[in-house]
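Report on one structure; see the data block that follows.
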Amino acid sequence: MSGAAIRVLIADDHASVRAGLRLLLGMAGDIEVVGEAADGEVAVAQERALRPDVVLMDARMPGVDGVEATRRIVTAGGADVLMLTTFDLDEIVFGGLKAGAAGFLLKTVEPQDLFDAIRRVAAGDGVVAPEVTRQVLRQFAAAATPEPEPEPAAGDVGLTPRETDVLRGLGRGRSNAQIAGDLTISLATVKTHVSSVLAKTGTSTRMQAAIHARRVGLV
């Protein structure tokens with residue numbers, strides 16, 4: 001972010017929650033709340049008007065919900081969306097994954113973990129609550145397997161061996177920095193490989209690439 005504050009838009013239908021998040025994020029030092037929205041329709045409009053770096057999106061809101069708002073923002077090439085959810089709402093997580101959310105956090109997340117997640121998403125990393133990574137992603141990958149044709153193996157989409165390694169790291173929920181350390185390559189090289197992996201696998205987000213990695217058996 002080159003020293004600039006990370007600009008965040010908060011979308012939640014409860015005014016008290018928005019106020020609490022605004023107060024909490026103000027303690028981070030490097031995060032600035034630039035706007036709020038009480039429903040998905042307003043969130044989409046505010047994202048277009050304010051151009052935040054990250055939208056902190058409640059999954060369930062009246063009218064246009066968080067999943068549909070995420071889909072509209074991502075389809076338009078807007079900000080990365082970090083969704084807040086509860087673990088027992090699998091269908092919300094599934095919808096968010098399809099919509100292109102950059103990450104998911106449980107609403108019980110600790111403040112420091114929330115700050116770190118926003119920083120990671122703003123830096124281009126995906127982030128998922130560990131419970132979601134271990135269970136929901138696995139269930140989603142199994143449920144989303146196309147019929148009747150199986151997913152191609154990683155090599156079938158033209159990935160190089162190094163790109164396959166990077167895809168495996170994405171499937172394990174590793175950040176760019178962690179993948180760089182695992183493979184002993186630079187962060188810039190990882191980012192280049194991630195871009196290539198997304199293009200070759202036909203996925204638009206790290207989360208979707210992680211699902212692909214699980215489908216083809218890399219994880």
Side-chain angles (χ1 to χ4, degrees), residues 1-38 40 42-59 61 66 69-70 73-74 76-85 96 99-133 169-170 172-182 185-195 198 204-207 209-210:
M1 299 297 297
S2 64
I6 302 169
R7 304 174 75 252
V8 174
L9 169 67
I10 299 172
D12 194 289
D13 59 321
H14 293 98
S16 60
V17 173
R18 297 196 305 274
L21 285 170
R22 178 183 281 274
L23 182 63
L24 183 64
L25 295 179
M27 299 168 57
D30 59 343
I31 297 173
E32 175 189 4
V33 177
V34 297
E36 299 179 12
V42 174
V44 174
Q46 286 285 70
E47 189 280 331
R48 290 173 180 166
L50 299 173
R51 293 301 178 189
D53 300 303
V54 177
V55 178
L56 193 58
M57 182 82 73
D58 182 24
M61 292 184 288
T70 295
I73 290 171
V74 172
D80 288 321
V81 177
L82 180 57
M83 295 193 73
L84 294 177
T85 185
F104 295 85
L105 289 178
L106 302 183
K107 286 194 171 183
T108 54
V109 63
E110 293 295 326
Q112 192 58 55
D113 291 334
L114 175 61
F115 301 159
D116 291 343
I118 290 173
R119 291 169 185 140
R120 285 183 59 180
V121 169
D125 281 340
V127 59
V128 190
E131 297 89 343
V132 178
T133 300
L170 294 177
R172 291 173 175 165
R174 306 287 281 171
S175 69
N176 283 354
Q178 290 170 329
I179 293 173
D182 293 341
I185 56 180
S186 72
L187 186 58
T189 299
V190 172
K191 291 180 178 178
T192 298
H193 285 321
V194 169
S195 295
L198 295 183
S204 58
T205 68
R206 298 168 61 93
M207 293 297 301

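Nothing here was measured: the structure is a model prediction, and the numbers come from that model. Only heavy atoms go into these numbers, but all of them, side chains included; no hydrogens, no water, no symmetry mates.
- In terms of heavy-atom proximity, A79 sits nearest to P52 at CB-O, 3.3 Å.
- Note that CD of E36 is 11.0 Å distant from CG of L50, once rounded to the nearest 0.5 Å.
- Using a distance-only test at 3.5 Å, with no hydrogens or angles considered, a donor-acceptor pair links the side chain of D53 to the main chain of R7.
- Using a 4.5 Å cut-off on side-chain heavy atoms (C-beta onward), F115 and D30 make no contact.
- More than 12 non-hydrogen atoms from other residues, nucleotides or ligands lie less than 6.0 angstrom from CZ of R22.
- Listed here is the closest heavy atom pair of E47 and G78: OE2-CA, 3.3 Å.
- Put simply, the side chain of V54 does not reach to within 4.5 Å of the side chain of I31, judged on heavy atoms.
- When all heavy atoms of M83 and G66 are compared, the closest pair comes out as CE-C, 3.9 Å.
- When all heavy atoms of L24 and P111 are compared, the pair lying nearest together is CD1-CB, 3.7 Å.
- Residues D113 and L105 are not in side-chain contact: their nearest non-hydrogen atoms beyond the backbone lie 4.5 Å or more apart.
- Side chains of I73 and V44 form a contact here, defined as non-hydrogen atoms less than 4.5 Å apart.
- Rounded to the nearest 0.5 angstrom, I185 CD1 and N176 CG are separated by 9.5 Å.
- A 4.5 Å side-chain heavy-atom check between V8 and L25 finds at least one atom pair inside the cut-off.
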**Item:** Criterion side-chain contact (heavy atoms from CB on, under 4.5 Å) on V17 and L84, from CA distance to verdict
**Value:** CA-CA 12 Å; V17 173; L84 294 177; 6.0 Å; no

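- Rounding to the nearest 0.5 Å places CZ of R120 at 13.0 Å from CD1 of I118.
- For the atom pair CG of L9 and CG of L82, the computed distance is 12.0 Å after rounding to the nearest 0.5 Å.
- For the residue pair Q112 and D116, a side-chain donor N or O sits within less than 3.5 Å of a side-chain acceptor on the partner.
- Taking both residues in full, the closest heavy atoms of R18 and D13 are given as NH1-C, 3.8 Å, listed atom of the first, atom of the second, then distance.
- Using a 4.5 Å heavy-atom cutoff, the side chains of L170 and I179 are in contact.
- Residues L114 and V109 come closest through the heavy atom pair N-CG2, 3.8 Å.
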